2 protein chains.
Amino acid sequence: MNFDNIDKKLLELLQADAKKTTKELSQKLNLSVTAVYERIKKLEREGVISSYVALLNRAKIDKNFVVLCHVKLVKHNKELIAQFENEIVKLTEVLECFHVSGDYDYILKICVKDMEAYREFMVTKLTSIEHIVSTHSTFMIGEVKNTTAYKL
Amino acid sequence: MNFDNIDKKLLELLQADAKKTTKELSQKLNLSVTAVYERIKKLEREGVISSYVALLNRAKIDKNFVVLCHVKLVKHNKELIAQFENEIVKLTEVLECFHVSGDYDYILKICVKDMEAYREFMVTKLTSIEHIVSTHSTFMIGEVKNTTAYKL
DNA sequence: GCTGAAAGGTATCCTCG
DNA sequence: CGAGGATACCTTTCAGC
């Protein structure tokens with residue numbers, strides 16, 4: 001799909017605030033309400049906009065302890081990978097999990113309450129998944145940037 | 001702030017789909033529309049819900065090349081750190097940047113179109129920031145999980 | 001903190017340039 | 001592709017429990 005400047009601006013606005021009314025958007029874009037409405041519907045239909053979500057403040061919900069955990073598997077055959085990934089998806093503490101190139105196989109972003117909760121998570125959940133040969137935890141000491149918005 | 005089970009369920013629903021109407025939510029929660037409305041307003045007022053955003057599909061907007069880049073600075077005094085972080089925030093290709101413990105100082109999640117775009121980013125943007133002594137790029141070869149929703 | 005009803009604003013659709 | 005108007009639905013407020 002191709003985006004003109006209005007689409008780009010529209011996506012920028014919706015990525016910043018999904019609660020803006022089409023009326024407000026139409027004013028910022030110098031378009032009619034209907035035109036904006038149809039552009040949004042098209043972007044949704046095409047799957048460019050995948051969802052609208054509420055973002056929470058980690059600090060207010062006891063999830064302010066963030067760890068980036070590098071994981072290495074014993075082997076890399078299709079079955080083991082599928083099994084591992086299937087388990088990871090279920091873990092609510094894991095917000096992001098990327099299969100990566102390099103020394104480690106996966107990088108996980110884990111959010112829990114504190115170090116104690118992380119210890120508990122490691123012992124009872126992560127390392128109970130089979131096929132993991134090693135992990136390396138890197139603790140977040142500060143969040144410089146964390147956005148969901150892409151610049152088109 | 002303290003959350004009862006209704007708040008938790010409400011936050012779960014809003015994190016999954018911010019476009020649900022208070023009417024729909026009230027049915028799922030067995031509450032009146034007004035009660036749900038007031039709970040949401042309170043969660044917004046307290047800053048638990050920080051924003052509502054549209055999430056885009058990376059694959060549809062030419063941002064499907066994801067790199068986790070580890071960065072190490074020369075020194076770690078307050079001034080250099082502030083200067084580095086100030087520059088990073090401006091880079092639209094960087095969606096996440098965490099100040100971390102360990103061998104490297106920062107871990108960045110970078111989304112661009114392809115390897116060529118990444119090369120361009122590294123050469124013209126990232127490494128043009130001063131005080132970086134070394135970087136290590138880890139390429140994403142698969143996305144296992146990527147959510148913005150915390151489980152309360 | 002909850003409910004139900006009332007008022008005003010929006011989303012959505014339709015017809016027409 | 002975009003505009004404007006009609007309608008159903010939603011958000012938001014208010015009185016009362």
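Lettering of chains follows the sequences in order, A, B, ..., and the numbering in each one begins at 1. No experiment lies behind these values; they were computed from the predicted model shown.
Put simply, NZ on B:Lys19 is 12 Å from C1' on C:dT10, counting in whole angstrom units. Between A:Glu24 atom CD and D:dT11 atom P there is a gap of 15 Å when expressed in whole angstrom units. The distance between atom CD1 of A:Ile40 and atom P of C:dA11, rounded to the nearest whole Å, is 8 Å. The distance from atom CG of A:Asp4 to atom P of D:dG2 is 8 Å, rounded to the nearest whole Å. In this entry the distance linking CG of B:Leu25 with P of D:dC10 reads 11 Å, nearest Å. Per the geometry, NZ belonging to A:Lys20 stands 18 Å off P belonging to D:dT11, to the nearest Å. Whole-Å rounding puts the A:Asn30 CG to D:dC1 P distance at 19 Å. Rounding to whole angstrom units, NZ of residue B:Lys23 and C1' of C:dT3 are separated by 16 Å.
A perpendicular orientation is assigned to the rings of A:Tyr118 and A:Phe139, their planes being inclined by more than 60° (bins at 30° and 60°).
Every residue meeting the side chain to side chain donor-acceptor pair (under 3.5 Å) condition with A:Tyr52, not counting sequence neighbours, appears here in chain and number order: A:Glu44.
Within the structure, every side-chain polar atom (N or O) of A:Arg39 is placed at least 4.0 Å from both OP1 and OP2 of D:dC1. Listed pair B:Lys42 / C:dG1 meets the phosphate criterion, a side-chain N or O lying under 4.0 Å from OP1 or OP2.
Looking only at side-chain heavy atoms (C-beta outward), B:Ile88 and B:Leu91 come within less than 4.5 Å of each other.
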Could you run down the sub-3.5 Å N/O contacts of the protein with nucleotides 12-15 of chain D?
{"residue": "D:dT12", "atom": "O5'", "partner": "B:Tyr37", "partner atom": "OH", "Å": "3.0"}
{"residue": "D:dT13", "atom": "OP2", "partner": "B:Tyr37", "partner atom": "OH", "Å": "3.3"}

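Atoms OG1 and OH, from A:Thr138 and B:Tyr104 in turn, are 11.0 Å apart once rounded to the nearest 0.5 Å.
Ionic pairing of A:Lys60 and B:Glu46 is not present here: no N-O contact between side-chain nitrogen and carboxylate oxygen is shorter than 4.0 angstrom. At a threshold of 4.0 Å, the pair B:Arg39-B:Asp7 counts as salt-bridged, since one of the basic side-chain nitrogens sits closer than that to a carboxylate oxygen.
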